[in-house]
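Residue numbers start at 1 and run along the sequence shown. Predicted model, so just to flag it, every value in this text is computed and none were measured.
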Amino acid sequence: MKIVFYGAGNMANAIFKGIINSELIPPENIYLTNRSNQQMLEEYHRELGVHYSYDDAALLKDADYVFLGTKPHDFDQLAERIRDHIDDKNKFISIMAGLPISYLREKLNPNNPIARIMPNTNAQVGHSVTGVSFSRNFGPRSKDEVLSLINAFGSAIEVKEDHLHQVTAITGSGPAFLYHVFEKYVNAGTKLGLEKSEVEESIRELIIGTGKMIERSDLSLEQLRKNITSKGGTTQAGLNKLSDYDIEGIFEDCLNAAVNRSVELSMQDDND
């Protein structure tokens, strides 16, 4: 199986490193390209054993899956450049936010199957939660192959395409939202008089340990919280203070803003 990545930024990087780490596809079957940063591609070649090229015809020839990882506003220029080199064998996988399958097919080739996926950077450690939608001409065998690729760097949720906006908000942008919360937790802990480096290291271990508890337990998040909340204790005192704030409402606003932006991006490209 030959896999090509157009764009080698953070998200594409997480995906191809996740695939390589899973040993599903050997690195010599993976080809990278980007707009101009050849030094980056050379480093990936040395470190990982992947190939790179700026020859579109050579990249697309006999490629089974072509990941589209450019910035959405650069896609039209890319599509115009590669359209004449598209192989009947090529199946496209877009990781670009906001660009619907119908738009991608119009700009590329209406006969080539296209999937849209919304992963997150946890792909690099094999724990991305990735939403995926397929064009109607994506055959069952090819779907299974795509799902296997996704499972190599996490887990897949197949959804209708119009639900990818929600997936983008909840899981695609989710790591950044959680990192932001953790940052504020570190800052608050530092204000108690401890050194920031000590607080940050402690909270890193706290996050890792809490994640492992979630992974290994069949209990709900609510029950896990209740299990460590003694009546009248320190945890209860802190939770009582948190209840003074509408934290759920804050996250609703956060997620809705991300969903709305995803919709806006797709509408902009439709209007163009």
Of all the heavy-atom pairs spanning A258 and A169, show the shortest one and how long it is.
-> CB-CB, 3.6 Å
Step-by-step side chain to side chain contact (heavy atoms under 4.5 Å, CB included) determination, N37 to L41 | CA-CA 7 Å; N37 193 343; L41 300 182; over 6 Å; no
State whether the number of non-hydrogen atoms from other residues, nucleotides or ligands found under 6.0 Å of E43 atom CD is greater than 12.
-> yes
So do F153 and Q124 actually touch side chain to side chain, heavy atoms under 4.5 Å?
-> no
Can M11 be reached from V50 by stepping across I, L, V, M, F, W or Y side chains whose heavy atoms are under 4.5 Å apart?
-> yes
Kindly indicate, with the supporting measurements, whether the criterion side chain to side chain contact (heavy atoms under 4.5 Å, CB included) is fulfilled by D87 and N90.
-> CA-CA 5 Å; D87 192 312; N90 299 156; 3.4 Å; yes
Should V186 and L194 be regarded as members of a common hydrophobic cluster, given that ILVMFWY residues are connected when their side-chain heavy atoms come within less than 4.5 Å of each other, either directly or indirectly?
-> yes
How close do G172 and P175 get, heavy atom to heavy atom, and via which atoms?
-> O-CD, 3.7 Å
From F67, Y31, F92, Y44, residue fulfilling ring-ring contact (aromatic ring centres under 6.0 Å, His included) relative to F5 | F67
Would a 4.5 Å heavy-atom cut-off, applied to side chains only, mark S155 and T130 as touching?
-> no
Verify the neighbour count for atom CE of M1: are there more than 12 heavy atoms of other residues, nucleotides or ligands below 6.0 Å?
-> yes
Has Y185 got more than 12 heavy atoms of other residues, nucleotides or ligands less than 6.0 Å from its OH?
-> no
Shortest non-hydrogen separation from N34 to A8 and the atoms involved = CB-N, 4.5 Å
Heavy-atom pair with the smallest gap, counting every atom of I114 and R105 | CD1-CG, 3.3 Å
Look only at the side chain of H165 and the backbone of V259, and say whether a donor-acceptor pair between them is shorter than 3.5 Å.
-> no
In this structure, are over 12 heavy atoms from other groups packed under 6.0 Å from H180 atom NE2?
-> no
Going by atom types only, do N240 and Q236 share a side-chain donor-acceptor pair under 3.5 Å?
-> yes
For K107 and E80, what are the C-alpha separation, side-chain angles and deciding distance, and is it a salt bridge (charged side-chain N to carboxylate O under 4.0 Å, His left out)?
-> CA-CA 7 Å; K107 296 294 183 179; E80 184 176 351; over 6 Å; no
Separation between CD of E198 and OG1 of T190, rounded to the nearest 0.5 Å = 9.5 Å
Heavy atoms from other residues, nucleotides or ligands near CZ of R204 exceed 12 (cutoff 6.0 Å) = no
Could you tell me whether the side chain of P26 reaches within less than 4.5 Å of the side chain of N29, counting heavy atoms only?
-> yes
Does a donor on one side chain sit under 3.5 Å from an acceptor on the other, for Q223 and N227?
-> yes
Could you walk me through whether F134 and V146 pass the side chain to side chain contact (heavy atoms under 4.5 Å, CB included) test, one step at a time?
-> CA-CA 10 Å; F134 296 97; V146 171; 3.9 Å; yes
If you group Ile, Leu, Val, Met, Phe, Trp and Tyr by side-chain heavy-atom gaps below 4.5 Å, do V199 and L178 land in one group?
-> yes
Go through the steps for S128 and N120 under the test side chain to side chain contact (heavy atoms under 4.5 Å, CB included), then give the verdict.
-> CA-CA 5 Å; S128 174; N120 60 44; 3.6 Å; yes
Do the charged groups of D244 and K241 touch, with an N to O distance under 4.0 Å?
-> yes
CZ (R225) and OG1 (T210) are apart, to the nearest 0.5 Å, by 14.0 Å
Just how far is it from atom OG1 of T171 to atom CD of Q166, taken to the nearest 0.5 Å?
-> 11.0 Å
I101 with F75, same ILVMFWY side-chain cluster at under 4.5 Å | yes
Please check if atom CD in Q77 has more than 12 non-hydrogen atoms from other residues, nucleotides or ligands closer than 6.0 Å.
-> no
dist S133:OG -> E158:CD (nearest 0.5 Å) comes out at 7.0 Å
State, yes or no, whether a side-chain contact exists between P100 and E161 at a heavy-atom distance under 4.5 Å.
-> yes
Exactly one of I20, I95, L149, I150 clears side chain to side chain contact (heavy atoms under 4.5 Å, CB included) with I15, and that residue is I95
Check for a donor-acceptor pair, side chain of D74 on one end and backbone N or O of T70 on the other, with a separation under 3.5 Å.
-> no
So do S94 and I117 actually touch side chain to side chain, heavy atoms under 4.5 Å?
-> no
Compare all side-chain heavy atoms of K71 with those of M96 and state whether any distance is below 4.5 angstrom.
-> no
Please report the closest heavy-atom contact between F138 and A115, naming both atoms and the distance.
-> CE1-N, 3.6 Å
Heavy atoms of Y54 and R35 approach each other most closely as CE2-O, 4.0 Å
Is it the case that more than 12 heavy atoms not belonging to K196 sit under 6.0 Å from its NZ atom?
-> no
When you measure from the side chain of S22 to the backbone N and O of I19, does any donor-acceptor pair fall under 3.5 Å?
-> yes
Between L108 and L68, is any pair of side-chain heavy atoms under 4.5 Å apart?
-> yes
Could you state the interatomic distance from CD1 (I203) to CD (E205), rounded to the nearest 0.5 Å?
-> 11.5 Å
Can you list, pair by pair, the side-chain donor-acceptor contacts under 3.5 Å of residues 55-65, counting residues two or more places apart and other chains?
residue	atom	partner	partner atom	Å
D55	OD1	A57	N	3.1
D55	OD1	A58	N	3.2
D56	OD1	Y6	OH	2.8
D56	OD1	R81	NH2	3.2
D56	OD2	R81	NE	2.8
D64	OD2	K2	N	2.8
Y65	OH	S142	O	3.4
Y65	OH	E145	OE1	2.5

Measuring from T121:OG1 to N13:CG, what's the distance to the nearest 0.5 Å?
-> 10.0 Å
Cluster companions of I157 among Ile, Leu, Val, Met, Phe, Trp, Tyr (side-chain spacing under 4.5 Å) = M118, V129, V159, L164, V167
Path from L219 to M213 over hydrophobic side-chain contacts below 4.5 Å | no
Close side-chain approach of V132 to R116, heavy-atom, < 4.5 Å = no
